[in-house]
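Notes for the one structure printed next.
This structure is a prediction, so every number in the text was calculated from the model and none was measured. Index from 1, following the sequence.
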Amino acid sequence: MTKRPPWDEYFMSIAQLVAGRSTCLRRSVGAVIVKDRRILATGYNGAPAGLPHCDETGCIREKLNVPHGERHELCRGIHAEQNAIIQSANYGTGISGSAIYTTHHPCSVCAKMIINAGIRRVISADDYPDELASELLAQAGIPVVVLGDAEKVAS
């Protein structure tokens, strides 16, 4: 009999697969929004629909040597978490009370969107250098689970 993966690992593996669609030159990120163990939306980082992607135009943040976690407004791409939230809005899918699985800890812009979207849990596979994001999520009472940490929690 095949061993079934725990729910958190299962949904994170899907987020990692979604990240494979990314066109970002710096970091491939995937996100999956889940409620009641059902996938509601997915997203990956890349340029807005119909516009040239960074793998075609180059990365302005890279050209300017902008450190990771800073000056998000310079990027032409939309983050994976943002795309998943936008996808749910476009298709009329309510995500309040859901969890978001993301391959990297959300930035502060995504953290604010997660809070206002009513997402109640963040599960990430990797960290991201944005202390404000962690502070905002903590203030909002949204637990952040980094898979592999001792406090790994089943969904």
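Put simply, the side chain of Val122 reaches to within 4.5 Å of the side chain of Ile114, judged on heavy atoms. Counting heavy atoms from C-beta outward, Arg121 and Val145 have side chains that approach closer than 4.5 Å. Looking at Phe11 and Ile123, their side chains never come closer than 4.5 Å, going by heavy atoms from C-beta outward. Residues Glu81 and Met113 fail the side-chain proximity criterion, which asks for heavy atoms closer than 4.5 Å. A heavy-atom distance below 4.5 Å is found between the side chains of Ile119 and Ile85. Taking the side chain as every heavy atom from C-beta outward, Arg71 and Ile60 never approach each other to under 4.5 Å. Ser98 is not listed as a side-chain neighbour of Arg120, based on a closest heavy-atom distance of 4.5 Å or more. In this structure, Leu147 and Asp8 have side chains that are in contact, with non-hydrogen atoms separated by less than 4.5 Å.
Within a 6.0 Å sphere centred on CD of Glu131, heavy atoms belonging to other residues, nucleotides or ligands number 12 at most. Summarising the local packing, CG of Asp36 is surrounded by 12 or fewer heavy atoms from other residues, nucleotides or ligands at distances under 6.0 Å.
Across all their heavy atoms, Arg27 and Asp127 have their closest contact at NH1-O, 4.0 Å. Contact record, Pro52 with Ala47: O-CB, 3.3 Å, taken as the closest heavy-atom pair. Between Arg61 and Cys75, the shortest heavy-atom distance links the atoms CD-CB, 3.6 Å. Counting all heavy atoms, side chain and backbone alike, Ala133 lies closest to His105 at CB-CE1, 4.0 Å. Heavy-atom minimum distance, Pro106 versus Ala111: CB-N, 4.2 Å.
At least one donor-acceptor pair under 3.5 Å links the side chain of Asp130 to the backbone N or O of Leu132. Put simply, the side chain of Thr103 gets close to the backbone of Gly30: a donor and an acceptor are under 3.5 Å apart. Side chain of Gln87 to backbone of Thr42: a donor-acceptor contact under 3.5 angstrom is found. The closest donor-acceptor contact from the side chain of Lys63 to the backbone of Gly58 lies at 3.5 Å or more, if one exists at all. With hydrogens and angles ignored, the 3.5 Å screen pairs no side-chain donor or acceptor of Arg76 with any backbone N or O of Cys59.
To the nearest 0.5 Å, atoms OG (Ser134) and CG (Leu136) are separated by 9.0 Å. To the nearest 0.5 angstrom, Ile39 atom CD1 is 10.0 Å from Tyr101 atom OH. Atom NE2 of His104 sits about 12.5 Å away from atom SG of Cys110, to the nearest 0.5 Å. Taking CG of Leu25 as the reference point, atom CD of Glu56 lies at 10.0 Å (rounded to 0.5 Å). With values rounded to the nearest 0.5 angstrom, Ile78 atom CD1 is found 5.0 Å from Asn83 atom CG. Note: Ile100 CD1 to Ile33 CD1 = 4.5 Å, rounded to the nearest 0.5 Å.
Under a hydrophobic clustering in which Ile, Leu, Val, Met, Phe, Trp and Tyr are joined whenever their side-chain heavy atoms come within less than 4.5 Å, directly or via other members, Val144 and Ile95 fall into the same cluster. The hydrophobic clustering, which links ILVMFWY residues whose side-chain heavy atoms are closer than 4.5 Å, places Ile115 and Val109 apart.
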Going by atom type alone, with no hydrogens or angles, which donor-acceptor pairs under 3.5 Å involve a side-chain atom of residues 13-22 and a protein atom two or more places apart or on another chain?
unit_1 : atom_1 : unit_2 : atom_2 : d
Ser13  : OG     : Glu9   : O      : 3.4
Ser13  : OG     : Tyr10  : O      : 2.6
Ser22  : OG     : Cys24  : N      : 3.1
Ser22  : OG     : Asn45  : O      : 3.2
Ser22  : OG     : Asn45  : OD1    : 2.7

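Applying the ring-ring contact (aromatic ring centres under 6.0 Å, His included) rule to pairs touching residues 31-54 yields nothing, sequence neighbours excluded.
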